[in-house]
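Below is one structure, written out as structure tokens; the observations come after it.
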Amino acid sequence: MAMDEGILQLFSGSSNLPLAQDVAHCLGMKVGQALVGVFANEETRIKIEENVRGSDVFILQSLSIPVDHHIVELLLMIDALRRASARRITAVIPYFAYAKQEKKMAGREPISAKLVANMLTTSGAHRILTIDLHAPAIEGFFDIPVDHLRAAPILVQHFRQLDRDDIVVVSPDAGGVGRANDFRQRLGAPLAIIAKQRPRPDVAEVLEMVGDVRGKVAIIVDDLISTGGTIAEAAHVLKMRGAVEVRACATHGVFASTALGILADSDLSELVITDTVPLPANAGDHKVRIVSVAPLIAESIRRIHENRSVSELFD
Ligand code: R5P
């Protein structure tokens, strides 16, 4: 135990309490008491109900829908903990939103991911623990340490159980090739790549595909699902190109608006996602399988607290 960092305490915002409770369970502790609510005027209201003086505090908050509200909750919790003299504050952000706005695509746009990073640092966070950032370069937006976990080993484990030697791993866009390549190396399978374009925001169109999927089980690997359009379009093209079955996995099931319906009507036979984002109650009706990142987050928290390596988990 790293005594100089104080005792370990875990708090949660309102975005993903079930995951925080699972992480606490893995650590053999309870989620700390905190009031996380709103005033009548809809301003966020926070009160940490336990003494945190001198403690090594972790706050778990996914930046899921409603995104901006969850960001403010997290910032105010960090501020409250800092003013209550926590010795070290780690923001555990299983899903980091605004990550697709990490550069300007056109003039007069913000770099939103950088602003979120600035706000977290300004509020008083000493460290960030997150999983599968859409763009790994976002780590560099922080001048505090970032531990960047990968869900790939957990997701790969799920597909190993299929015990098939006719799998092809598919990246649904050019930006995801590195991620899919890592995945296919872990699985020992070939790679196919889809080129996609977005004629307008939130609409995905497949342009072309490279690789042979005929007669194979295709596994699409993505970091997040928002509208479901990317994966549904990719599944359709893979079927047209002769894949016998199309499965998919993604770390973050953000599931905006009608995504679950789009995926239910798609050519997918299975979608595997993690619990970084809480899922709608009816998600199980839509071919969706969930694997938990709670043990991974818990082990990472333990290692950070004890000043042990986190990257060793992915060697
Ligand atoms: C894009 O670069 C991402 O990796 C995902 O493919 C994308 O965000 C998925 O969005 P949607 O589900 O709305 O197509």
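Indexing begins at 1, ligand by ligand and atom by atom, following the structure's order.
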Quick one, Asp68 with Tyr98, criterion side-chain hydrogen bond (donor to acceptor under 3.5 Å, both in side chains). Give me CA distance, side-chain angles, the key distance, then yes/no. CA-CA 10 Å; Asp68 296 352; Tyr98 282 109; 2.6 Å; yes
Which is closest to atom 4 (O) of ligand 1 by heavy-atom distance: Leu263, Asp223, Thr230?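 Looking at heavy atoms only, the winner is Asp223.
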Closest to atom 7 (C) of ligand 1 (judged by heavy-atom distance), picking from His134, Glu233, Arg198, Arg179: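 Nearest heavy atom to atom 7 (C) of ligand 1 lies in Arg198.
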Show your working on side-chain contact (heavy atoms from CB on, under 4.5 Å) between Asp143 and Thr121 and close with a plain yes or no. CA-CA 8 Å; Asp143 285 328; Thr121 308; 5.6 Å; no
Within the distance-only criterion (no hydrogens, no angle test), does the side chain of Asp132 pair as donor or acceptor with the backbone N or O of Ala151 below 3.5 angstrom?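 Yes; judged by distance alone, with no hydrogens or angles, the pair exists.
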Counting N and O atoms only, with roles assigned by atom type, does the side chain of Arg108 sit under 3.5 Å from a partner on the main chain of Ala106, one being a donor and the other an acceptor?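 No, the answer is negative, given that no donor and acceptor are paired below the 3.5 Å cut-off.
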Are any of the N/O atoms in Thr227 less than 3.5 Å from those in ligand 1?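 Yes, at least one N or O pair falls under 3.5 Å.
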Is ligand 1 less than 4.0 angstrom away from at least one heavy atom of [X]?
X      : answer
Gly228 : yes
Leu224 : yes
Lys100 : yes
His252 : no

Interfacing atoms of ligand 1 (cut-off 4.0 Å, heavy-atom, [X]):
X      : value
Ile225 : 12 (O)
Asp173 : 1 (C), 2 (O), 4 (O), 6 (O)
Asp222 : 3 (C), 4 (O), 5 (C), 6 (O)
Lys196 : 1 (C), 6 (O)

How long is the straight-line distance from CD1 of Ile301 back to CG of Leu27, given to the nearest 0.5 Å?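 Separation between the atoms: 5.5 Å.
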Donor on one side chain, acceptor on other, Gln197 and Glu205, under 3.5 Å: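 The criterion, which ignores hydrogens and geometry beyond distance, is satisfied for Glu205 and Gln197.
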Assess whether atom NE2 of His158 is packed by more than 12 heavy atoms of other residues, nucleotides or ligands within 6.0 Å.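 Counting neighbours around NE2 of His158, more than 12 heavy atoms of other residues, nucleotides or ligands fall under 6.0 Å, so yes.
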Please assess Ser15 against Glu73 for the test side-chain hydrogen bond (donor to acceptor under 3.5 Å, both in side chains), listing each intermediate value before the final yes or no. CA-CA 9 Å; Ser15 71; Glu73 254 185 22; 6.0 Å; no
